[in-house]
Amino acid sequence: MKNSLLSQRDLAVLWHPCTQMHDHETQPLIPIKSGRGVWLEDFEGNHYLDAISSWWVNLFGHANPIINAALKAQLDNLEHVIFAGFTHEAAIELAEKLVAITPAGLSRCFYADNGSAAVEVALKMSFHFWQNRNQPRKNKFITLENSYHGETLGALAVGDVALYKKTYAPLLMNVITAPSPDCYFREDGESWADYSTRQFAHLERLLQENADEVCAIIVEPLVQCAGGMRMYDAIYLKLLREACDQYNVHLIADEIAVGFGRTGTLFACEQAGISPDFLCLSKGLTGGYLPLSAVLTTNDIYAAFYDDYSKMTAFLHSHSYTGNALACRAALATLGIFETQNVLANNQVLAATMKTLSQRFLNHPNVAEVRQTGMIVAIELVKNKRTREAYPWQERRGLQVYRYALSKGVLLRPLGNVIYFMPPYVITSEELALMFDVAWQAITT
Ligand code: PMP
């Protein structure tokens, strides 16, 4: 079957995510027949290097033999079972593993089925905790400028990317938004740590003024991904943890995008030596195979819900596919790869190669910044290097890069004017070189 025939059938009935469907009048849709490692193949034999891990989910390649085998075995026993009143081995083993590998103090695991749902769970649990602890005035959340936490209404409300949020503003709860520690805005010569520390003062002031009414602060540790892969120093998280303790406010770490090795450590919070009160995980959790998310939290929070039924303190939140057995099995296979294959050490080598390959972009006349945290590299395109004047969004520079890269067999999907690389960990140094070369050509030719 040809690409074009499938595209035609698709465009007759489907509505794709995060897409102005009208674009497909000129931009062909790409039907994928199969995937192997970092490569995707369409129906005409074209190959595409998945440089963005299919929206940041894939860790160990498409059609990974280890995950495939685990799923096939699980499939013959149990695909899914209601998770209220019932349980199963894969869900239990996965929760045990997550409790063991996440920062200290996180001892309870609540499952949901996508990242946004995990954020909703964390927000509701935090609010509900304070209700159960007789602090009903605590009903607000603090969030960071330019943050992103998902698309459902609660998650959207605590995010701050106007492109996704503005239209729905009348539907969203009010939040308190703190200036971001985003180091793109640091002064010339100022270190990331100094700038992030300086920016923390704003948040501290907001806490001083509002702590009585604040349930939690939600952050994306180290990298604001959907906000353009903007990065900040771990010192900010350390200061944040101290302040949350001091002001009696929960800390929600949304590691949906940055968890599982993306920033160099298994979890980004480790770089600050902190434990959040809630840790949201998804995406890489199943190696990019199946939708699953988990919210890890503390005994103290769990205890506030644990009582006689008549006290009505239970967390009555559910999703039909909670704890899906296949998804849990894929997650266990993924964690198994971390356990057996020196992944983080190998990633250090890959990250060093990415650093080397990204250096040539520094002198490009339309690049304002090249930044990196672990396995994430971002290149900020600007109209004017000296003033950092951005390209007008109407020019859709990112889309031009996307189109060019596709024609050369690389899937890049810039965020506005930011080209970024977040490849699966099974990529080779030759494939990394191809990825950076194509990006270079895309902005130079
Ligand atoms: N939080 C962060 C930090 C994310 O990057 C995303 C997805 N890009 C989400 C939450 C939402 O996850 P999902 O798309 O699975 O709902």
Side-chain angles (χ1 to χ4, degrees), residues 16-19 50-59 110-126 141 143-165 168 172 175 180-182 216-232 236-237 240 251-263 267-269 276 278-296 317 319-322 324 327 330-331 334 373-376 378 413-416 418 420-422:
H16 286 264
C18 206
T19 299
D50 190 352
I52 56 159
S53 299
S54 283
W55 260 341
W56 323 339
V57 298
N58 193 292
L59 299 187
F110 189 99
Y111 290 122
D113 48 19
N114 63 73
S116 303
V119 168
E120 302 284 345
V121 165
L123 297 174
K124 283 177 71 180
M125 267 186 188
S126 173
F141 295 94
T143 177
L144 297 185
E145 195 185 343
N146 193 42
S147 56
Y148 179 92
H149 298 288
E151 299 291 345
T152 53
L153 295 178
L156 198 58
V158 294
D160 186 49
V161 179
L163 180 64
Y164 309 125
K165 181 169 180 176
Y168 306 101
L172 305 178
V175 295
S180 170
D182 174 1
I217 300 179
I218 181 164
V219 296
E220 293 162 271
L222 299 185
V223 189
Q224 297 189 310
C225 294
M229 300 295 162
R230 293 293 180 78
M231 300 173 183
Y232 60 93
Y236 193 87
L237 297 172
L240 185 55
L251 174 56
I252 303 174
D254 174 352
E255 294 219 19
I256 288 163
V258 296
F260 301 104
R262 291 287 183 200
T263 66
F267 299 104
C269 283
F278 298 93
L279 177 68
C280 301
L281 302 173
S282 188
K283 292 193 187 273
L285 173 60
T286 62
Y289 265 65
L290 285 160
L292 178 70
S293 58
V295 179
L296 279 292
H317 180 110
H319 295 290
S320 316
Y321 282 101
T322 301
N324 176 263
T334 302
T373 299
M375 291 292 290
I376 308 172
R413 202 170 189 278
L415 293 154
V418 177
Y420 71 91
F421 308 93
M422 208 201 271

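Side chains are part of it too, since the values below use all heavy atoms of this structure and drop only hydrogens, waters and symmetry mates. Position 1 is the first residue of the sequence, and the numbers go up from there. Order of appearance sets the numbers: ligands from 1, and atoms from 1 within every ligand.
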Within a distance under 4.0 Å of any heavy atom of Ala257, pick out the atoms of ligand 1 and give their elements.
5 (O)
Do His319 and Asp113 have side-chain atoms, one donor and one acceptor, less than 3.5 Å apart?
no
Strictly by modelled atom types, are Ser54 and Asp50 linked by a side-chain donor-acceptor pair under 3.5 Å?
yes
Who's the nearest protein heavy-atom neighbour of atom 12 (O) of ligand 1, and how far?
Gly115 CA, 3.2 Å
Heavy atom of the protein closest to atom 16 (O) of ligand 1 (residue, atom name, distance):
Ser116 OG, 2.6 Å
For Cys225, which part has a heavy atom under 4.0 Å from ligand 1: side chain, backbone, both, or neither?
neither
Students should be able to answer this: which protein heavy-atom is nearest to atom 6 (C) of ligand 1, and at what distance?
Tyr148 CE2, 3.6 Å
Min heavy-atom dist Lys283 to ligand 1 below 4.0 Å
yes
For a side chain to side chain contact (heavy atoms under 4.5 Å, CB included) check, start with the C-alpha distance between Ser126 and Phe278, then their side-chain angles and the critical distance, and finish with the verdict.
CA-CA 8 Å; Ser126 173; Phe278 298 93; 3.7 Å; yes
Applying a heavy-atom cut-off of 4.0 Å, say which part of Trp55 lies close to ligand 1: side chain, backbone, both or neither.
neither
Going by a strict under-4.0 Å cutoff (protein heavy atoms only), does atom 14 (O) of ligand 1 have a neighbour on the protein?
no
Which of the numbered atoms in ligand 1 are under 4.0 angstrom from any heavy atom belonging to Asp254?
1 (N), 2 (C), 3 (C), 10 (C)
Matching residue for Ile218 among Val119, Leu144, Val175 - test: side chain to side chain contact (heavy atoms under 4.5 Å, CB included)
Val119
Does the side chain of Thr152 pick up a donor-acceptor pair with the side chain of Glu120 at under 3.5 Å?
yes
Applying the side chain to side chain contact (heavy atoms under 4.5 Å, CB included) test to Phe260, which of Leu285, Val57, Thr334 qualifies?
Leu285
Would you please say whether a donor-acceptor pair under 3.5 Å links the side chains of Arg262 and Thr373?
no
Which of the numbered atoms in ligand 1 are under 4.0 angstrom from any heavy atom belonging to Asn114?
15 (O), 16 (O)
Which of the atoms of ligand 1 are close to Trp56, meaning less than 4.0 Å from one of its heavy atoms?
5 (O), 8 (N)
Winner among His149, Glu151, Glu120 once heavy atoms are compared against atom 10 (C) of ligand 1
His149
So for atom CZ, which belongs to Phe110, do other residues, nucleotides or ligands contribute more than 12 heavy atoms lying within a distance under 6.0 Å?
yes
